[in-house]
Protein chains: 2
Amino acid sequence: MSERELRRNLAILPIGTIRELTLLTDRQIRYYEQNELVSPTRGKGGQRRFSLNDVDRLLEIKDFLDAGDSIKDIQEIFAKQRRKAVGKQDSESALRRSLQKEFAQIGRFNH
Amino acid sequence: MSERELRRNLAILPIGTIRELTLLTDRQIRYYEQNELVSPTRGKGGQRRFSLNDVDRLLEIKDFLDAGDSIKDIQEIFAKQRRKAVGKQDSESALRRSLQKEFAQIGRFNH
DNA sequence: GTATCATGTCATATAACCTAACATATATTC
DNA sequence: GAATATATGTTAGGTTATATGACATGATAC
């Protein structure tokens, strides 16, 4: 895993930050976790820790729900994505794409 | 300001995260803030919010202190850095340098 | 040896987060 | 159209995290 990906996977953000970055409610975030759409780790005291990738994930979920997809639909969509990603190697172009996604997310936050 | 810089300046990290990323104690972090070496913003309830740049900053402070510099020394060092940075334009090479610093920091965390 | 510096520690208060349960509006199914 | 399912709101009670301020302390400097 590249260092960039490593950084984006660092689970360091508490739910309050996620709430602000995604404009989702705690209830929604926990519900999506319950349905295994995101899998935050837990800190020492049992509190959720999210990564920047989780932020992406949650914004995607939001879009899918807005588009009329159900939680189950989204579970399948993500499962398909995972299958496609199997065996795919890190590449310069993949890195570039992930960078673009990152920028897109920040742009959204600072609309 | 570039989007990368924007992202690195987003104050979204609580002190607990900073503690883990820097291995500093809360006491140290607050003391450095008190001495204006870092300037976290405050969230709704008054809690500190740090950025990734603050993490860099704190790691630098740590190094300077380990090297025998005093808080006041470090204040002056930072003041000098700010003066040098005045009028400096964003450039590709600056971006590349900041990227390297970013990687260095993550590397340190995962050493 | 006394003053300063950087940090530890403790007390007390508030904010953030946790889980679980019940409520509800909207859409779906029979 | 009554019953079900889905996604979310809301409330309650408990635990963890963070804030501030005060006092303590080991090291260094003078």
Side-chain angles (χ1 to χ4, degrees), chain A residues 10-52 54-79 109, chain B residues 10-52 54-79 109:
Chain A
L10 270 187
I12 58 178
L13 305 169
I15 198 168
T17 297
I18 305 302
R19 193 194 311 130
E20 290 172 25
L21 290 177
T22 63
L23 298 183
L24 293 167
T25 64
D26 296 19
R27 184 68 169 87
Q28 289 174 303
I29 297 165
R30 293 186 187 123
Y31 185 64
Y32 303 155
E33 178 189 14
Q34 197 178 321
N35 284 277
E36 300 174 296
L37 295 181
V38 286
S39 300
T41 62
R42 298 292 179 129
K44 216 187 53 169
Q47 312 204 186
R48 292 172 180 78
R49 290 296 149 120
F50 297 82
S51 70
L52 283 173
D54 289 327
V55 175
D56 276 352
R57 216 95 202 299
L58 289 166
L59 291 173
E60 279 191 77
I61 293 168
K62 206 180 186 182
D63 285 343
F64 282 129
L65 285 173
D66 284 349
D69 295 304
S70 73
I71 298 282
K72 280 190 182 167
D73 292 337
I74 301 174
Q75 287 175 339
E76 288 168 20
I77 292 168
F78 285 170
F109 177 58
Chain B
L10 270 187
I12 58 178
L13 305 168
I15 198 167
T17 297
I18 304 302
R19 193 193 311 130
E20 291 171 24
L21 290 178
T22 63
L23 299 182
L24 294 167
T25 65
D26 295 20
R27 183 69 170 88
Q28 288 174 304
I29 297 165
R30 293 185 186 125
Y31 184 64
Y32 303 155
E33 177 189 15
Q34 197 177 322
N35 285 277
E36 300 174 296
L37 295 180
V38 286
S39 300
T41 62
R42 298 292 179 130
K44 217 189 53 172
Q47 312 203 190
R48 292 171 180 78
R49 291 297 149 118
F50 297 83
S51 70
L52 283 173
D54 289 327
V55 175
D56 277 351
R57 215 98 204 295
L58 289 165
L59 291 173
E60 278 190 78
I61 293 169
K62 205 180 187 183
D63 285 344
F64 282 129
L65 285 173
D66 284 349
D69 295 303
S70 72
I71 298 282
K72 279 191 182 167
D73 292 337
I74 301 174
Q75 287 174 340
E76 287 168 21
I77 291 169
F78 285 169
F109 178 58

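In the text below, chain A, chain B and the rest are named by the order of the sequence lines, each starting its count at 1.
- Only one option out of A:Leu37, A:Thr25, A:Ile71 pairs with A:Tyr31 in a side-chain contact (heavy atoms from CB on, under 4.5 Å); it is A:Ile71.
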TODO: Report the C-alpha separation of A:Glu33 and A:Arg42 in whole Å, then their side-chain angles, then the decisive distance to 0.1 Å, and conclude whether the salt bridge (charged side-chain N to carboxylate O under 4.0 Å, His left out) test is met.
DONE: CA-CA 12 Å; A:Glu33 178 189 14; A:Arg42 298 292 179 129; 3.5 Å; yes
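- Between A:Lys62 and A:Leu24 there is a side-chain heavy-atom pair separated by less than 4.5 Å.
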At a cut-off of 3.5 Å, list every protein nitrogen or oxygen paired with a nitrogen or oxygen from nucleotides 7-12 of chain C, distance to 0.1 Å.
unit_1: C:dT7; atom_1: OP1; unit_2: B:Gln28; atom_2: NE2; d: 3.1
unit_1: C:dT7; atom_1: OP1; unit_2: B:Tyr32; atom_2: OH; d: 3.1
unit_1: C:dT7; atom_1: OP2; unit_2: B:Tyr32; atom_2: OH; d: 2.8
unit_1: C:dT7; atom_1: O4; unit_2: B:Arg27; atom_2: NH2; d: 2.9
unit_1: C:dG8; atom_1: OP2; unit_2: B:Thr25; atom_2: OG1; d: 2.8
unit_1: C:dG8; atom_1: N7; unit_2: B:Arg27; atom_2: NE; d: 3.1
unit_1: C:dG8; atom_1: O6; unit_2: B:Arg27; atom_2: NE; d: 3.3
unit_1: C:dG8; atom_1: O6; unit_2: B:Arg27; atom_2: NH2; d: 2.9
unit_1: C:dT9; atom_1: O4; unit_2: B:Arg27; atom_2: NE; d: 3.4

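- Figure legend: cation-pi geometry between B:Arg57 and B:Phe78, with NZ or CZ positioned under 6.0 Å from the six-membered ring centre and within 45° of its axis.
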Task: Heavy-atom protein contacts under 4.0 Å, nucleotides 25-30 of chain D, coded B base, S sugar-phosphate only, - none - done: ------
TODO: Sugar-phosphate means primed atoms, P, OP1 and OP2; the rest is base. With that split, encode nucleotides 15-20 of chain D 5' to 3' as B, S or - using protein heavy atoms under 4.0 Å.
DONE: -SSSBB
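- Heavy atoms only, all atoms of each residue included: A:Val38 and A:Ile29 are closest at CG2-O, 4.4 Å.
- Rounded to whole Å, the distance from CD1 on A:Ile29 to P on D:dT8 is 11 Å.
- Ion pair B:Arg30/B:Asp26 flagged as a salt bridge, since at least one NZ, NE, NH1 or NH2 atom sits closer than 4.0 Å to an Asp/Glu carboxylate oxygen.
- The distance from atom CD of A:Glu20 to atom C1' of C:dA15 is 13 Å, rounded to the nearest whole Å.
- The interatomic distance linking B:Asp73 (CG) with C:dT4 (P) rounds to 18 Å, in whole Å.
- Rounding to the nearest 0.5 Å gives a distance of 10.0 Å between CG of B:Leu23 and CD of B:Gln28.
- Contact check for B:Gln34 versus B:Tyr32: no side-chain heavy atoms found under the 4.5 Å cut-off.
- Within the 4.5 Å cutoff, no side-chain heavy atoms of B:Leu13 are placed close to those of A:Thr17.
- Here the P atom of nucleotide C:dC5 and the CD atom of B:Gln34 are 12 Å apart, to the nearest Å.
- Between A:Val55 and A:Thr22 there is a side-chain heavy-atom pair separated by less than 4.5 Å.
- A:Asp73 places a side-chain N or O within 3.5 Å of a backbone atom of A:Ser70 that can act as its donor or acceptor partner.
- Rounded to whole Å, the distance from NZ on B:Lys62 to C1' on C:dA6 is 15 Å.
- Between the C1' atom of C:dA16 and the CZ atom of A:Phe50 lies a distance of 13 Å, rounded to the nearest Å.
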